[in-house]
Amino acid sequence: MAAITLKDINKQYGDGFHAVKDVSLDIADGEFVILVGPSGCGKSTLLRMIVGLEDITSGEMLIGGQRVNEKAPRDRNLSMVFQNYALYPHLTVFENIAFPLRLSKTSAKEVDERVRHAAELLELTEHLDRKPANLSGGQRQRVAMGRAIVREAQAFLFDEPLSNLDAKLRGQMRTEISRLQKRLGITTVYVTHDQVEAMTLGDRVVVLRRGVVQQVATPRELYENP
Ligand code: ADP
Ligand code: ADP
């Protein structure tokens, strides 16, 4: 069963602008899918419809086999992975990762177990007492992912997470995200306008142009047949 299924998804904004046109796509469990295309092609709109932050004008969206068109973001069990700026500077790594659980009715013991488990997966165990300011860019990235992991989300969604970083850090983060995604095996949808990210990160690349899917291929296929 596909983790995420889009069937003839359309988005027409209030002003009549048709931003996403008849997009159909099956994303497999554990797959890393890149949505790529120039600015304005509808990538963010599509991602926001998956998360539930934007209504779908027509079409059907399934997550884990269940129709989610009418479901609020909190009921979709997805996690948008925010970057550095979304970490709380005054909280430790432990508390930053624990944050989503503090909002729910999770017991202290379970919070502790889940945070430690995530920290182990992310190799953050010895940094749990530190503050974000004292971490490297890669470590901060891992804390952001840790937060998504403790929620036991069904999929990670990234929206141009590296676009504000310098080239060196961007390269490091690419490697880091790719390594972690493989290790965690969690379904991932990653939006970018960067060709290098598109060609190096994912299992499959979806090329969007003016709201239409132009091509769906593996990076290798795109490389051999651009
Ligand atoms: P991308 O993420 O690929 O840069 P977006 O999904 O943000 O593209 O936007 C796709 C198109 O939809 C753009 O032409 C944009 O101007 C338009 N758009 C985005 N949000 C709105 C809105 N709220 N109302 C009208 N048009 C919008
Ligand atoms: P409200 O204030 O109406 O409760 P929010 O927009 O604060 O709604 O979001 C409620 C829930 O939706 C959050 O607790 C979270 O689980 C989920 N959510 C909101 N935004 C996102 C996002 N970008 N990625 C994943 N889940 C989100």
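Whatever order the structure lists them in is the order used to number ligands and atoms, beginning at 1.
Contact residues of ligand 1 (protein heavy atom closer than 4.0 angstrom to a ligand atom; sorted by chain and number): Y13, D15, F17, A19, P38, S39, G40, C41, G42, K43, S44, T45.
Look at K7 and D22 and you find no salt bridge, because none of the NZ, NE, NH1 or NH2 atoms lies under 4.0 Å from a carboxylate O. Under 4.0 Å is where a charged nitrogen must lie from a carboxylate oxygen, and between R183 and E123 at least one such pair does. Using a 4.0 Å cut-off between charged side-chain N and carboxylate O, R116 and D112 make a salt bridge. Under a 4.0 Å N-O distance rule, the pair R142/E176 qualifies as a salt bridge.
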One pair to check against side-chain contact (heavy atoms from CB on, under 4.5 Å): T5 and M61. What are the steps and the verdict?
CA-CA 6 Å; T5 298; M61 173 110 52; over 6 Å; no

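No side-chain donor-acceptor contact under 3.5 Å links D129 and T92.
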